[in-house]
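Below is one structure, written out as C-alpha cells; comments come after it.
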Amino acid sequence: MTASPVGRLSIRVFALGYLALLLAIPIGVVLYRTFEPGVGAVIDSVTTPAAVSAFWLTIEIAAIAVPLNTIFGIIAALVLVRTRIRGKWLLQAVIDLPFAISPVVIGLALFLLFGRTGWLGPTLTDAGIQVIFSVPGMVLATIFVCLPFVVREVAPVLREIGDEQEQAAATLGASRWQTFRAITLPAIRWGVAYGVVLSTARAIGEFGAVSVVSGKISGETITLPLLVENRYSNFDLSGAYAASALLAVIALATLLAMTVLQRKGDSR
C-alpha cells in the first residue's frame, strides 16, 4: 500500500518535529545560553586551568580507550563470525553487558575490584599502583562502557561479505595476517570507522562510570562531563554551558572528520 503525498508529508513533518524537540531545541538552548554573556566570557571560561586540564584529560582517556576497544572489537567480531568455538554466548553476553547495566554500576564494580579494600586493591597498593581515583581507573571505566560499539558494527559486515575471498586467499598460500590485511580489513573498514565514531563519542561524553572511579580531584581527575556537573553544582551556569558547548564541538568535529574520511575512501 502506497502512502498518499499528504501522508508522506505528515510523516516527514512528524519525524523532523520529533528530532527538533529532542535534539535541535535543547542544543540550541545550550548554545544560546553559552554565548548569552558574550564571546569573551565563553573564551575565558574554556581557557581556565581547570577547563584546559579537563579537556586534555578527556582527549587522553579517549585516545587510550578507543584504539584498545577497536582492536578488541575487530578480534571479537572475527571470533563470533568466523570461528565455531564453544562459549560464544558468553562472549556475546560480556560484550552486551554495558548495554544492560547502568554505567554507575560499572563504576561501582571497578571500585569494589580495584579499591583499597577491594579484591585486588591491597595487592596493587603494595605494588605502588593506584587504579581508583586516578587516570587508570577512568580509562578502565571508559573502555568497559564503550566495549560493544566496534564489535556490533563490524560483525554484521563480516556476515554480509562472507568468507569466500578469504578462503581463496588461503588456498593460494596467503597467511592469516596477509589475508586479513589485504582482504578482510578493507572490506570492514567503514564498519570499523563507524564503530570508532560511536566509541569516541561515548568515551568523550561518559559520565556515570567515570564519576564513580575518578574521585573528582580538581586538575587531575576531572573530565569535561565532570567539569560540567561540577560547575553546575557550584551555580556557575555560564561556565557549565561553555563546557557543554565545548563537548558538543568535539563530538561534531569527530563526526565531520569521519565523514570526510569516508568520502575520500568512496572516491578512490
hydrophobic_cluster_shared for [Y] and [X], side chain cutoff 4.5 Å:
X     : Y      : result
Phe35 : Val46  : no
Ile59 : Ile143 : yes
Ile95 : Val105 : no
Leu90 : Leu97  : no
Leu80 : Phe72  : yes

Take Ser211 and Lys216 through the side chain to side chain contact (heavy atoms under 4.5 Å, CB included) test and state the conclusion after the steps. CA-CA 7 Å; Ser211 177; Lys216 300 180 181 179; 3.2 Å; yes

Residue pair Glu166 / Thr184, side-chain donor-acceptor N/O under 3.5 Å: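 Thr184 and Glu166 do have a side-chain donor-acceptor pair below 3.5 Å.
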
Are the side chains of [Y] and [X] in contact, using a 4.5 Å heavy-atom criterion?
X      : Y      : result
Glu60  : Val135 : yes
Ile204 : Thr223 : no
Arg82  : Asp163 : yes
Glu206 : Ile61  : no
Ile250 : Phe55  : yes
Ser199 : Val150 : yes
Leu226 : Val210 : yes
Leu57  : Ile222 : no

I'd like to know if the side chain of [X] reaches the main chain of [Y], judged simply by a donor and an acceptor atom lying under 3.5 Å from each other, with no hydrogens or angles considered.
X      : Y      : value
Glu160 : Gly162 : no
Thr142 : Ala65  : no
Asn234 : Asn230 : yes
Ser53  : Ala50  : no
Arg181 : Arg176 : no

Taking all non-hydrogen atoms of both residues into account, name the closest pair between [X] and [Y] and its distance.
X      : Y      : answer
Ile161 : Ala187 : CD1-CB, 3.6 Å
Gly137 : Leu110 : O-CD1, 4.3 Å
Ala54  : Leu227 : CB-CD2, 4.0 Å
Ala77  : Val154 : CB-CG1, 3.7 Å
Thr48  : Asp44  : CG2-O, 3.1 Å
Gly118 : Pro122 : O-CD, 3.1 Å

Roughly how far apart are [X] [atom1] and [Y] [atom2], rounded to 0.5 Å?
X      : Y      : atom1 : atom2 : result
Leu172 : Gln167 : CG    : CD    : 12.0 Å
Asn69  : Ile64  : CG    : CD1   : 12.0 Å
Asp96  : Ile101 : CG    : CD1   : 11.5 Å
Arg152 : Gln92  : CZ    : CD    : 5.5 Å
Leu224 : Phe207 : CG    : CZ    : 12.5 Å
Ile132 : Leu120 : CD1   : CG    : 10.5 Å

Using a cut-off of 6.0 Å, state whether more than 12 heavy atoms not belonging to [X] lie near its atom [atom1].
X      : atom1 : answer
Tyr194 : OH    : no
Phe180 : CZ    : yes
Phe144 : CZ    : yes

May I ask you to check whether Phe133 and Phe114 place their ring centres under 6.0 Å from each other? no

Stepwise, does the side chain to side chain contact (heavy atoms under 4.5 Å, CB included) test hold for Met138 with Thr221? CA-CA 8 Å; Met138 300 169 72; Thr221 60; 3.7 Å; yes

From CA spacing to verdict: side-chain hydrogen bond (donor to acceptor under 3.5 Å, both in side chains), Ser45, Arg231: CA-CA 11 Å; Ser45 182; Arg231 286 180 169 179; 3.0 Å; yes

